[in-house]
Amino acid sequence: PHKTTLILMTGLSVLSLNMFLPSLGSIARDLSSDYAVVSLAVAGYLALSAVVQLIAGPLSDRIGRRPVVLGSIVVFILCSAACAVATNVWTFLGFRKLQSAMVACGAVAMAAVRDTQDEQTAAGTLSTISAAMALAPMLGPVLGGFLDTAFGWRSVFWFYAGSGVVLLALVWVDMGETRVQRTEDDPKPRIAELLGDVRYWAFVLCTAFSVGSFFIFLAGAPLVAESSFDISSAEIGLIIGSITFGFMFGSFVSARLSKRLALTQTILIGRVLACVGLSAGLVVMAFVPVTPLLFLATTLFVGVGNGLTMPNGNAGAMSVRPDMAGSAAGISSAFMVALGAVLTFLSGFVLAGIATPQALIIMMLGSAVIGLFAAYAAHRFRN
């Protein structure tokens with residue numbers, strides 16, 4: 001598959017999570033339900049998406065990448081249309097959860113890259129895809145809000161369905177089967193062997209706790225900005241969006257470094273950058289008043305560090321057992337989502353009592369440090 005196809009596969013999986021968020025209030029009013037009930041469309045989707053990735057990854061190793069991708073897109077199209085015509089909240093929520101089939105495309109896209117490229121090249125390709133895909137979280141809610149305002153909330157789900165049809169046609173034409181065919185003499189892949197490999201878990205833990213800093217930031221930044229800074233909602237949005245711009249820049253740099261450095265070296269650079277940036281910010285905050293600009297500059301290092309870490313961490317995890325790249329990608333993605341949910345809950349619980357910039361940065365630094373130790377372990381186990 002071309003990079004454009006892979007970018008659209010992963011991008012639509014991200015849009016399926018956040019594009020409809022501005023419509024939550026409209027959905028609640030139209031379906032005569034409480035906002036809290038409708039918000040289960042987010043929590044339920046996230047919970048089921050972890051299960052989907054656990055299933056889709058190993059399944060793609062068994063039956064192939066192409067049928068898993070095509071099947072997940074078909075389910076996404078049908079469920080999007082069902083959401084668009086739903087007349088009660090429970091029907092809507094049921095099909096909304098089943099829309100999570102789309103996240104299978106993200107994990108399988110990573111596996112397809114590893115199937116067709118060596119480790120170093122795959123890391124560079126995943127960096128390019130990550131940089132382009134990072135636009136989805138920023139543009140999705142904007143487009144969703146426009147559609148809701150102009151045509152109503154149901155138009156968002158018709159957009160999902162239409163985008164799914166276009167992607168289905170593109171994948172059908174552009175994506176052949178990439179899974180490496182085993183001969184009769186090859187040993188049968190065993191998930192237990194993958195899960196028992198310390199090298200695999202070093203990469204998984206590194207990636208998950210690196211992204212964990214981002215989840216902590218998302219949960220705590222609005223609360224901290226509201227309680228500590230006298231700024232507008234637009235300025236709060238700028239602070240939140242800055243970490244995404246940092247991620248795009250880090251991914252761009254990572255694509256260039258993949259041609260010169262081993263992927264564990266790039267990962268270590270990313271982890272050190274994130275830890276040093278957060279630590280330096282805390283030191284400066286001890287001597288000068290904390291301003292929104294200082295807070296933004298400090299957290300920006302996490303975005304850049306993650307851009308350097310994530311593509312290489314994913315490539316490394318799939319390279320432990322290249323014949324099980326689908327299982328490696330699916331399990332890693334599911335673990336990252338599950339850890340993100342835990343860290344989001346913990347950060348919200350802690351910051352509800354201590355909503356200061358320093359408290360948020362200390363929590364982010366804790367997750368980043370664990371990622372640094374895991375990165376060092378991954379480097380040692382590979383050398």
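This one's a predicted model, so the numbers in the text were calculated from it and none came from an experiment.
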Student: Hey, mind stepping through Leu8 and Leu170 against side-chain contact (heavy atoms from CB on, under 4.5 Å) and telling me if it holds?
Tutor: CA-CA 9 Å; Leu8 293 176; Leu170 179 61; 3.6 Å; yes
Student: With hydrophobic residues grouped by side-chain heavy-atom distances under 4.5 Å, do Phe301 and Val283 end up in a single group?
Tutor: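 Phe301 and Val283: separate clusters.
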Student: Once rounded to the nearest 0.5 Å, what's the spacing between atom OG of Ser367 and atom CZ of Phe214?
Tutor: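 Going from the OG atom of Ser367 to the CZ atom of Phe214 covers 12.5 Å.
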Student: Here's a test for you: under ring-ring contact (aromatic ring centres under 6.0 Å, His included), which of Trp153, Phe95, Phe76 qualifies with Tyr160?
Tutor: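 Going through the options one by one, the only one that passes is Phe76.
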Student: If I compare all heavy atoms of Gly371 with all of Ser210, which pair ends up nearest, and what's the gap?
Tutor: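 So the two residues come closest at CA-OG, 4.5 Å.
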Student: For Ser258 versus Gly124, what's the shortest heavy-atom pair and its separation?
Tutor: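 In terms of heavy atoms, the two residues are closest at OG-CA, 3.3 Å.
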Student: Roughly how far, to the nearest 0.5 Å, is the CG atom of Leu31 from the CZ atom of Arg29?
Tutor: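 The CG atom of Leu31 is 11.0 Å from CZ of Arg29, to the nearest 0.5 Å.
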Student: Among Thr291, Thr356, Leu294, find the one that has a side-chain contact (heavy atoms from CB on, under 4.5 Å) with Met285.
Tutor: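 Only one option passes, and that is Leu294.
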Student: I want to check something: taking the side chain as every heavy atom from C-beta on, are Met318 and Met324 in contact at a cut-off of under 4.5 Å?
Tutor: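 With C-beta onward as the side chain, the pair stays apart.
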Student: Check whether any side-chain heavy atom of Val38 lies under 4.5 Å from a side-chain heavy atom of Val89, and answer yes or no.
Tutor: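 Yes - at least one pair of side-chain heavy atoms lies under 4.5 Å apart.
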Student: To check you understand the geometry: which heavy-atom pair defines the closest contact between Ser23 and Val156, and what is its length?
Tutor: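 In terms of heavy atoms, the two residues are closest at OG-CG2, 3.9 Å.
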Student: Just do the side-chain contact (heavy atoms from CB on, under 4.5 Å) check on Ile55 and Val51 with the steps written out, would you?
Tutor: CA-CA 6 Å; Ile55 296 172; Val51 177; 4.0 Å; yes
Student: Looking only at side chains, do Thr264 and Asn312 share a donor and an acceptor under 3.5 Å apart?
Tutor: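 Thr264 vs Asn312: no donor-acceptor pair found between side chains.
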Student: At their closest point, which heavy atom of Ser254 faces which heavy atom of Ser127, and how far apart are they?
Tutor: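 Heavy atoms of Ser254 and Ser127 come nearest at OG-OG, 2.8 Å.
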Student: Hey, quick one: are Leu365 and Val290 part of the same hydrophobic cluster, counting side-chain heavy atoms closer than 4.5 Å, chains of contacts allowed?
Tutor: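 The answer is yes; both residues are in one hydrophobic cluster.
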Student: Is a salt bridge present between Glu193 and Arg321, judged by a nitrogen-to-oxygen distance below 4.0 Å?
Tutor: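 Counted as a salt bridge, because a side-chain N and a carboxylate O are separated by less than 4.0 Å.
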Student: Counting distance only, does the side-chain N/O of Thr5 pair as donor-acceptor with the main-chain N or O of Pro1 below 3.5 Å?
Tutor: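 Looks like no, no N/O pair under 3.5 Å.
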Student: Count I, L, V, M, F, W, Y as connected when their side-chain heavy atoms are under 4.5 Å apart, and connections chain through other members. Are Val69 and Leu78 then in the same cluster?
Tutor: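 Same hydrophobic cluster.
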Student: Does atom CZ (Phe335) have a neighbourhood of more than 12 heavy atoms from anything else shown, all under 6.0 Å?
Tutor: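 Above 12, so yes.
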Student: Roughly how far, to the nearest 0.5 Å, is the OG1 atom of Thr121 from the CZ atom of Arg114?
Tutor: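 Here the rounded value is 9.0 Å.
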Student: Could you pull out the closest heavy-atom pair between Leu54 and Ala334, with the gap in Å?
Tutor: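 Looks like CG-CB, 3.6 Å.
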Student: So, taking the atom named CE in Met310 and the one named OG1 in Thr207, what distance separates them when rounded to the nearest 0.5 Å?
Tutor: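 It comes to 7.0 Å.
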Student: Using modelled atom types only, decide if a donor and an acceptor are shared between the side chain of Arg65 and the backbone of Ser60 within a distance under 3.5 Å.
Tutor: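 A pair under 3.5 Å: yes.
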Student: Taking side chain as C-beta onward, heavy atoms only, is Gln117 less than 4.5 Å from Thr178?
Tutor: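 They are not in contact (no side-chain heavy atoms under 4.5 Å apart), so the answer is no.
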Student: Less than 6.0 angstrom separating the ring centers of Phe157 and Phe92, yes or no?
Tutor: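 Yes, close enough.
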Student: Counting distance only, does the side-chain N/O of Asp34 pair as donor-acceptor with the main-chain N or O of Ala28 below 3.5 Å?
Tutor: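 Looks like no, no N/O pair under 3.5 Å.
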Student: Take Leu261 and Ile269, measure what side-chain contact (heavy atoms from CB on, under 4.5 Å) needs, and give me the verdict at the end.
Tutor: CA-CA 10 Å; Leu261 301 177; Ile269 292 173; 3.7 Å; yes
Student: Between Asp61 and Arg179, is the closest basic N to carboxylate O distance under 4.0 Å?
Tutor: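 No salt bridge links Arg179 with Asp61.
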Student: Please check if the number of heavy atoms outside Tyr45 that lie under 6.0 Å from its OH is greater than 12.
Tutor: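 Yes, because the 6.0 Å sphere around OH of Tyr45 holds more than 12 heavy atoms from other groups.
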Student: Do Phe247 and Val337 sit in the same hydrophobic cluster, where Ile, Leu, Val, Met, Phe, Trp and Tyr count as joined when their side-chain heavy atoms come under 4.5 Å apart?
Tutor: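 Phe247 does not cluster with Val337.
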Student: Atom OG of Ser13 and atom CD1 of Ile73: how far apart are they, to the nearest 0.5 Å?
Tutor: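 Going from OG on Ser13 over to CD1 on Ile73, the span is 10.5 Å.
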Student: Atom OG in Ser155, atom CG in Leu147: separation rounded to 0.5 Å?
Tutor: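 With rounding to 0.5 Å, OG (Ser155) is 4.5 Å from CG (Leu147).
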Student: Can you confirm whether Leu360 sits close enough to Ser347 that some side-chain heavy atom of one is under 4.5 Å from a side-chain heavy atom of the other?
Tutor: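 Not in contact.
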Student: Less than 4.5 Å apart, any side-chain heavy atom of Trp158 and any of Val85?
Tutor: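 Touching, per the 4.5 Å side-chain cut-off.
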Student: Above 12 or not: heavy atoms from other molecules or residues under 6.0 Å from CG of Leu195?
Tutor: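 Yes, enclosed.
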Student: Of the options Ser49, Ser16, Ser80, which is the one that meets Gln99 in a side chain to side chain donor-acceptor pair (under 3.5 Å)?
Tutor: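 So the option named by the test is Ser80.
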Student: Mind listing the closest non-hydrogen atom pair of Asp148 and Ser26 along with its distance?
Tutor: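 It is OD2-OG, 3.1 Å.
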Student: So if you build clusters from Ile, Leu, Val, Met, Phe, Trp, Tyr with side-chain heavy-atom gaps below 4.5 Å, do Val350 and Phe209 land together?
Tutor: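 Yes.
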Student: Find out whether Ile216 and Thr344 are in side-chain contact, i.e. whether some heavy atom of one side chain is under 4.5 Å from a heavy atom of the other.
Tutor: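 With C-beta onward as the side chain, the pair stays apart.
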Student: Taking the cut-offs as 6.0 angstrom to the six-membered ring centre and 45 degrees off its axis, would you call Arg154 and Phe151 a cation-pi pair?
Tutor: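 So Arg154 doesn't make the cation-pi contact.
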Student: Any side-chain heavy-atom pair from Met363 and Ser213 closer than 4.5 angstrom?
Tutor: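 Result no, sub-4.5 Å side-chain heavy-atom pair not found.
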Student: Do Thr309 and Asn306 have side-chain N/O donor and acceptor atoms under 3.5 Å apart?
Tutor: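 No, because no side-chain N or O of Thr309 sits under 3.5 Å from a partner of the opposite role on Asn306.
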Student: Just by distance, do the side chain of Thr10 and the backbone of Leu6 share a donor-acceptor pair under 3.5 Å?
Tutor: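 It does hold such a pair.
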Student: Under the side-chain contact (heavy atoms from CB on, under 4.5 Å) rule, what do Arg96 and Phe20 come out as? Steps first, then yes or no, please.
Tutor: CA-CA 11 Å; Arg96 166 60 189 166; Phe20 85 110; 3.1 Å; yes
Student: Report yes or no: is the cationic atom of Arg66 (NZ for Lys, CZ for Arg) under 6.0 Å from the centre of the six-membered ring of Trp172, at an angle within 45° of the ring normal?
Tutor: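 Flagged: Arg66 positioned over aromatic ring of Trp172.
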Student: Counting C-beta onward and ignoring hydrogens, is there a side-chain heavy-atom pair between Leu300 and Phe249 closer than 4.5 Å?
Tutor: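 Not touching, per the 4.5 Å side-chain cut-off.
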